[in-house]
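First up is the structure itself, then whatever we jot down about it.
A, B, ... follow the sequence lines: proteins, then strands. Residue 1 opens every chain.
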Amino acid sequence: MATIPPVPDNTENFNHVFKLLQGEYPDAEPMLHFKNPLELLIATILSAQCTDKQVNKVTQVLFKKYSSVEDFANADINELGKDIYTTGFYHQKAKHIIGSAQLILTEFGGKVPDTMEELLKLPGVGRKTANIVLARGYNIIEGIAVDTHVTRLSQKLGLTQNSDPGKIELDLMELAKKEDLENLSMTLILHGRNVCIARRPKCGVCVVNKLCPSSEV
DNA sequence: CTCCCGATAT
DNA sequence: ATATCAGGAG
C-alpha cells in the first residue's frame, strides 16, 4: 500500500481537461458506418478488438448480403464466420450475431431493444456496446461507453483508480456534466488514437500534458 | 483469470 | 517479433 499516487482529482479538474480535449476534436463523430440500429448493433459487436476501419470494410459488403434481422437469425454460422473473418474473433462474433438476431425476433418483436436491461440480454453485448447502441441508435444517453482507450486515458489522467470498465463508467459519470456525456467517450477515444497512443504516447504535443499526472514531459 | 483471433503499426 | 485494436463470455 501507500504507492498509489494521491491524485488531486476533482470535478473542476475534469471539466478543464475535457474542455481542452473537446477543442481538439470538435466534431467527434462515430466512425462506424450504419444506417439503422440493427446495423449499428452488428457493427459494434464486430468492433471488439478490431479497428473501425476494418469493420467498415467488412460491413460494406455484409449489409448487402444480410439486410434484416431474419437474415442474420437464419444465417449459417460458418458462412457468416467467413463473411466477417477479417475482424477477428470471427467464430464467437458470428455466434453472438446470430444469437442476438434470434433473441431480437423471439423476445423483442424483431426490433433492436432500446433499453440497457434488454440490450444486455443479447449475447455478445456488454455495457460498452449497449451504451453505443442507445446513444447513436436511439439518442438515449444513459452511460458512457468505456473501451480500452477510455480505460487507459481515464487511468493516466487520474480520473479513476479503477480498472473495471463498469466502475470507471461510474467514476466518469460523477465527474462529467450531463451535457458532456454524449461526446466524452468519442473524444477520449480520438485522443487515445491520435495522441495518447497506448504504445508510445505523444506527450509533447498533448494539450492536457500540464494537467496529466502521467505526462512524460 | 483465460480464451477468442485477424490486421496493422512499430 | 510483439503490442494493440470502439470487448464479452466462461
Side-chain angles (χ1 to χ4, degrees), chain A residues 21 25 27-34 37-62 77-104 112-113 116-138 140-156 162-169 172 176 181-203 216:
Chain A
L21 290 180
Y25 314 101
D27 37 28
E29 290 177 18
M31 313 288 276
L32 295 174
H33 297 166
F34 62 94
L38 177 64
E39 290 192 358
L40 175 61
L41 174 67
I42 305 293
T44 310
I45 289 175
L46 291 178
S47 73
Q49 292 296 300
C50 180
T51 60
D52 52 341
K53 186 178 174 184
Q54 190 65 32
V55 171
N56 288 333
K57 195 184 298 181
V58 166
T59 55
Q60 185 179 5
V61 178
L62 187 73
I77 186 167
N78 293 315
E79 189 176 345
L80 182 56
K82 286 179 185 172
D83 293 330
I84 64 173
Y85 182 77
T86 59
T87 66
F89 298 161
Y90 59 90
H91 194 266
Q92 294 272 19
K93 288 175 181 175
K95 193 166 77 176
H96 290 157
I97 289 170
I98 293 171
S100 288
Q102 290 176 346
L103 199 61
I104 288 171
V112 176
M116 176 63 75
E117 185 186 356
E118 292 178 333
L119 283 167
L120 290 179
K121 291 180 180 173
L122 302 177
V125 177
R127 288 194 62 86
K128 179 251 170 184
T129 300
N131 273 322
I132 290 170
V133 171
L134 288 174
R136 297 300 172 185
Y138 294 112
I140 298 171
I141 313 294
E142 274 195 6
I144 299 167
V146 177
D147 72 336
T148 155
H149 288 300
V150 175
T151 298
R152 185 178 72 256
L153 267 69
S154 297
Q155 290 173 339
K156 295 187 79 169
N162 289 305
S163 54
D164 173 60
K167 292 179 181 174
I168 293 176
E169 183 179 357
L172 293 177
L181 289 182
E182 184 172 0
N183 292 321
L184 176 56
S185 191
M186 200 61 214
T187 300
L188 290 180
I189 287 168
L190 288 175
H191 193 61
R193 252 182 42 176
N194 298 329
V195 178
C196 195
I197 302 161
R199 288 193 66 167
R200 207 172 74 76
K202 303 177 182 175
C203 298
E216 296 172 11

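Taking all atoms of both residues into account, the shortest heavy-atom contact from A:Glu182 to A:Arg136 is O-NH2, 3.9 Å.
In this structure, A:Val55 reaches neither bases nor backbone, as no heavy-atom distance under 4.0 Å exists between it and the strands shown. No engagement by A:Arg200 is indicated, since no non-hydrogen atom pair under 4.0 Å with the nucleic acid exists.
A:Asp83 places none of its side-chain heavy atoms less than 4.5 Å from the side chain of A:Val58.
In the set B:dC5, C:dG7, B:dA7, the nucleotide with an atom closest to the side chain of A:Asp147 is C:dG7. Proximity note for A:Ile132 (side chain, C-beta onward) versus C:dG7, C:dA6, C:dC5: the nearest is C:dA6. For A:Ala48, the listed nucleotide lying nearest its side chain is C:dG7; candidates were C:dG7, C:dA6, B:dA7. Which of C:dC5, C:dA9, C:dA6 sits closest to the side chain of A:His96 comes down to C:dA9. When distances are taken from the side chain of A:Gln92 to each of B:dC5, C:dT4, C:dA6, the shortest belongs to B:dC5.
A side-chain donor-acceptor contact under 3.5 Å links A:Arg152 to the backbone of A:Cys196.
Nearer to the 5' terminus of DNA chain B, by closest-nucleotide assignment, is the contact made by A:Tyr85 (compared with the other of A:Tyr85 and A:Lys53). When each of A:Arg199 and A:Tyr90 is assigned the nucleotide of DNA chain B with its nearest heavy atom, A:Tyr90 is the one assigned upstream, toward the 5' end.
Judged by distance alone, the side chains of A:Thr86 and A:Gln54 do bring a donor and an acceptor atom under 3.5 Å apart.
Atom pair A:Leu153:CG and C:dC5:C1' shows a separation of 14 Å (rounding to whole Å applied). C:dG8 atom P lies 11 Å from atom CD of A:Glu169, rounded to whole Å.
A sub-4.0 Å separation between OP1 or OP2 of C:dT4 and a side-chain N or O of A:Arg152 is absent. Contact check, A:Thr129 against C:dG8: a side-chain N or O comes under 4.0 Å of OP1 or OP2. Dashed line: the shortest gap from a side-chain N or O of A:His91 to OP1 or OP2 of B:dC4 is not under 4.0 Å.
More than 12 heavy-atom neighbours from other residues, nucleotides or ligands sit within 6.0 angstrom of NZ on A:Lys156.
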